[in-house]
Amino acid sequence: MPELPEVETTRRGLIPTLEGRKIVKVIKRRDKIRIAIPSDFEKRIEGMRVKSLKRRAKYIQIFLDSGDVIICHLGMSGKFVIKVIDNEPYEKHDHVIFETDGGELVIYNDPRRFGLMTICREDELEQHRLFKNMAVEPLGNEFNGDYLYEKIKTRKSAIKTMLLDQKIVVGLGNIYVCEALNMAKISPIRKACDVTLGETESLVPIIRNVLSRAIEAGGSSLKDFAGTDGELGYFQHLFVSYGCEGEKCSNKECGGTIDRINQGGRSTFYCPQCQK
DNA sequence: ATGATGTCCTGGGCGC
DNA sequence: TGCGCCCAGGACATCA
């Protein structure tokens with residue numbers, strides 16, 4: 001569920017606690033989440049200072065002054081919880097804990113364990129297997145109507161499936177793809193090669209817009225979060241199609257009803273009336 | 001290369 | 001009340 005906006009919100013929420021801080025202790029409560037956490041993970045982090053936090057696709061990258069980068073992915077149920085140090089027992093799915101010299105704990109909690117936590121050298125980051133084949137950022141300048149059209153014009157898969165492909169564009173997941181296609185009035189089951197240049201040119205700004213507005217909403221949720229015992233990773237956000245089966249399509253003068261179908265084992269929500 | 005399908009994992013919701 | 005079943009889905013593996 002955490003897609004680009006949730007990951008970006010999480011990154012921003014972690015900055016006040018981590019940036020400029022020294023990580024004094026790392027506790028690994030299991031050896032693997034989705035993949036193994038390196039055996040030297042704790043040793044490489046303890047005593048190091050956090051230079052900055054960046055995001056690439058749905059990954060958070062924590063840059064250390066040692067030249068290492070911690071790489072985190074929230075999977076679908078991962079979140080960070082910030083707590084002051086106390087003697088409370090850890091929660092059931094607290095997998096990795098970072099203690100800072102500011103007296104705070106940054107806890108990675110992930111019930112379904114689809115997330116990922118690893119570390120690599122900063123100068124090897126771009127060539128890391130997780131990042132080297134990754135497509136452009138949806139909010140970056142390279143992502144435009146021409147680019148998307150060129151990427152999909154020969155592809156026979158459904159446009160929805162293509163937008164979920166991180167080699168086409170990164171950061172999108174099931175929710176925001178449904179939202180963007182509904183607003184663009186493009187059917188999720190259309191073959192990607194049948195989508196016209198004109199349509200990709202209108203779709204791209206819609207994708208940017210839906211992501212930007214979600215990041216903004218996440219920013220608002222961070223204000224409420226500050227100083228509380230809250231969790232980073234999710235925030236309340238209203239969707240116009242996702243999860244809205246049976247409800248009226250929100251496109252002006254449409255009058256259709258949101259339907260739910262299955263594509264590749266995933267739910268798709270769309271309006272058969274206006275999404276053609 | 002592409003596309004279709006299976007896999008990982010747990011909690012929550014449902015039917016009986 | 002409790003049991004079994006199915007679903008949620010990001011990214012990757014594996015197959016044709």
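Please read all numbers here as calculations on a predicted model, not as lab measurements. Quick note on labels: first sequence line is chain A, next is B, and so on, each numbered from 1. All values below were derived from every heavy atom in this structure, side-chain atoms included, with hydrogens, water molecules and symmetry-related copies excluded.
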Short N/O separations, protein against nucleotides 11-13 of chain B, under 3.5 angstrom:
| from | atom 1 | to | atom 2 | distance (Å) |
| --- | --- | --- | --- | --- |
| B/dG11 | OP1 | A/K92 | NZ | 3.2 |
| B/dG11 | OP1 | A/H93 | NE2 | 2.7 |

Contacts under 3.5 Å, N or O only, protein and nucleotides 3-7 of chain C:
none

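Salt bridge status for A/E42 with A/K25: absent, with no side-chain N to carboxylate O gap under 4.0 Å. The residues A/K51 and A/E122 are annotated as salt-bridged, a charged nitrogen and a carboxylate oxygen being separated by less than 4.0 angstrom. Under 4.0 Å is where a charged nitrogen must lie from a carboxylate oxygen, and between A/D68 and A/R121 at least one such pair does.
End-to-end axis angle of the helix from B/dT2-C/dA16 to B/dC16-C/dG2, from C1' rotation axes over five pairs per end: 50° (rounded to 10 degrees).
As judged by a 4.0 angstrom heavy-atom cut-off over every strand, A/R266 is placed among the base-contacting residues. At the heavy-atom level, A/L130 lies under 4.0 Å from the strands shown only through sugar-phosphate atoms.
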Salt bridge (Lys or Arg N to Asp or Glu O under 4.0 Å) between A/K132 and A/E126, intermediate numbers included:
CA-CA 6 Å; A/K132 68 178 177 193; A/E126 279 180 33; over 6 Å; no
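Partners of A/E3 according to the side chain to side chain donor-acceptor pair (under 3.5 Å) rule, which considers only residues two or more places apart in sequence or in another chain, do not exist here. Checked against side chain to side chain donor-acceptor pair (under 3.5 Å), A/S202 has no partners two or more places apart in sequence or in another chain. Not a single side chain to side chain donor-acceptor pair (under 3.5 Å) links A/R266 to another residue, sequence neighbours left out. In this view, A/F98 satisfies the ring-ring contact (aromatic ring centres under 6.0 Å, His included) rule with no residue, not counting sequence neighbours.
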Show me, pair by pair, the donor-acceptor contacts under 3.5 angstrom made by side chains of residues 155-162 of chain A, not counting sequence neighbours?
| from | atom 1 | to | atom 2 | distance (Å) |
| --- | --- | --- | --- | --- |
| A/K160 | NZ | A/N174 | OD1 | 2.5 |
| A/K160 | NZ | A/S267 | O | 3.3 |
| A/K160 | NZ | A/T268 | OG1 | 2.9 |

Acceptor/donor pairs from residues 142-153 of chain A side chains to any protein atom, 3.5 angstrom cut, sequence neighbours excluded:
| from | atom 1 | to | atom 2 | distance (Å) |
| --- | --- | --- | --- | --- |
| A/N144 | OD1 | A/D146 | N | 3.2 |
| A/N144 | OD1 | A/Y147 | N | 2.8 |
| A/Y147 | OH | A/I168 | O | 2.7 |
| A/E150 | OE1 | A/K153 | NZ | 3.0 |
| A/E150 | OE2 | A/K153 | NZ | 3.4 |

Can you give the donor-acceptor pairs under 3.5 Å from side chains of residues 248-257 of chain A to other protein atoms, not counting sequence neighbours?
| from | atom 1 | to | atom 2 | distance (Å) |
| --- | --- | --- | --- | --- |
| A/N251 | ND2 | A/N182 | O | 2.9 |

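Taking atom CG of residue A/L4 and atom P of nucleotide C/dA11, one finds them 11 Å apart after rounding to whole Å. Rounded to whole Å, the distance from CZ on A/R113 to P on C/dA8 is 21 Å.
Of the residues in residues 160-175 of chain A, those with a non-hydrogen atom less than 4.0 angstrom from any atom of DNA chain C are A/Q166, A/G173, A/N174.
Other residues sharing the hydrophobic cluster of A/L125, ordered by chain and number and joined by side-chain separations under 4.5 Å: A/I35, A/Y59, A/F63, A/V69, A/I71, A/L116, A/L130, A/F131, A/M134, A/V170.
Stacking here means ring centres nearer than 5.5 Å and ring planes tilted less than 30 degrees, and by that measure A/F114 does not stack onto C/dA11.
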